[in-house]
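Here is the structure we will look at.
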Amino acid sequence: MKRLLAATLVSMLAVGQVHADWDPELEAQEQREREAAAREQAAREAAAQKIIKDAEAKAHAAQMVEKRKYVGAAAQGKSDAEVERLYDQKQAQKTQEAYSAAAEAQRKMKDPRAQAATKEVTGHSMEEMSNMSDAELDALAREMEKKYGTGGN
């Protein structure tokens, strides 16, 4: 029993000393500093988000200006969503035209008369030219310009 009483007495004295080191004003000051730091961090993050949002809005506006130019008169007085739709339609049309032109060129390249004419003019078949390096093609183009002149004259 004496041991229990001694242990209780020592515990009470130790608790008193722990509370003696606790300073409620210092604790409150530290809490205010933590809260102020958190507010500052939140303000910095909000400012960064605003900068990002403004930059994205500016980029979108610039994109829309270019899309309106590309679409042309059809974009006059239209909303951004309508311009986007018109832009996508025009892009799809241009893509289809490019595929059609490529298919037509492929078809023409397979024509024996076109292959013979190409070989007669260049000295190389289309297959040989498709296997040439860029340097070889550039040399051939310079040779053809010397031989036949430029196409723009």
Hydrophobic cluster membership, with links at side-chain heavy-atom distances under 4.5 Å among I/L/V/M/F/W/Y: are V71 and V65 in one?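 No, V71 and V65 fall in different hydrophobic clusters.
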
So, taking the atom named [atom1] in [X] and the one named [atom2] in [Y], what distance separates them when rounded to the nearest 0.5 Å?
X	Y	atom1	atom2	result
Q63	Y87	CD	OH	8.0 Å
E45	E40	CD	CD	12.0 Å
E82	R85	CD	CZ	6.5 Å
S125	E120	OG	CD	14.0 Å
E127	T118	CD	OG1	13.0 Å
K67	K90	NZ	NZ	13.5 Å

For [X], does the [atom1] atom have more than 12 heavy-atom neighbours from other residues, nucleotides or ligands under 6.0 Å away?
X	atom1	result
Y99	OH	no
R113	CZ	no
D134	CG	no

Under a 3.5 Å distance rule, please check whether Q76 uses its side chain to pair with a backbone N or O of A73 as donor and acceptor.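 No, because the side chain of Q76 does not come within donor-acceptor range (under 3.5 Å) of the backbone of A73.
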
Treating R39 as the side-chain partner and R34 as the backbone partner, does any N or O pair qualify as donor plus acceptor under 3.5 Å?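 Checked: no pair found.
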
Give me the atom names and distance for the closest heavy-atom approach of [X] to [Y].
X	Y	answer
V121	K147	O-NZ, 4.0 Å
E136	M132	OE1-CA, 3.2 Å
T122	L140	O-CD1, 4.0 Å
A74	L86	O-CD1, 3.5 Å

Tell me whether [X] is salt-bridged to [Y], with the criterion being a basic N under 4.0 Å from an acidic carboxylate O.
X	Y	answer
R142	D138	no
E66	K69	yes
R107	E104	yes

Side chains of Q31 and E35: do they bring a donor and an acceptor to under 3.5 Å?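 There is such a pair (donor and acceptor under 3.5 Å, judged by atom type) between the side chains of Q31 and E35.
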
A side-chain contact here means heavy atoms from C-beta on lying under 4.5 Å apart; do M64 and E84 qualify?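 In contact.
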
CA sep, side-chain torsions, deciding dist, call: D54, K58, salt bridge (charged side-chain N to carboxylate O under 4.0 Å, His left out): CA-CA 6 Å; D54 290 347; K58 187 176 179 180; over 6 Å; no

Intermediate values then yes/no, side chain to side chain donor-acceptor pair (under 3.5 Å), Q93 and Q89: CA-CA 6 Å; Q93 177 188 358; Q89 284 178 346; over 6 Å; no

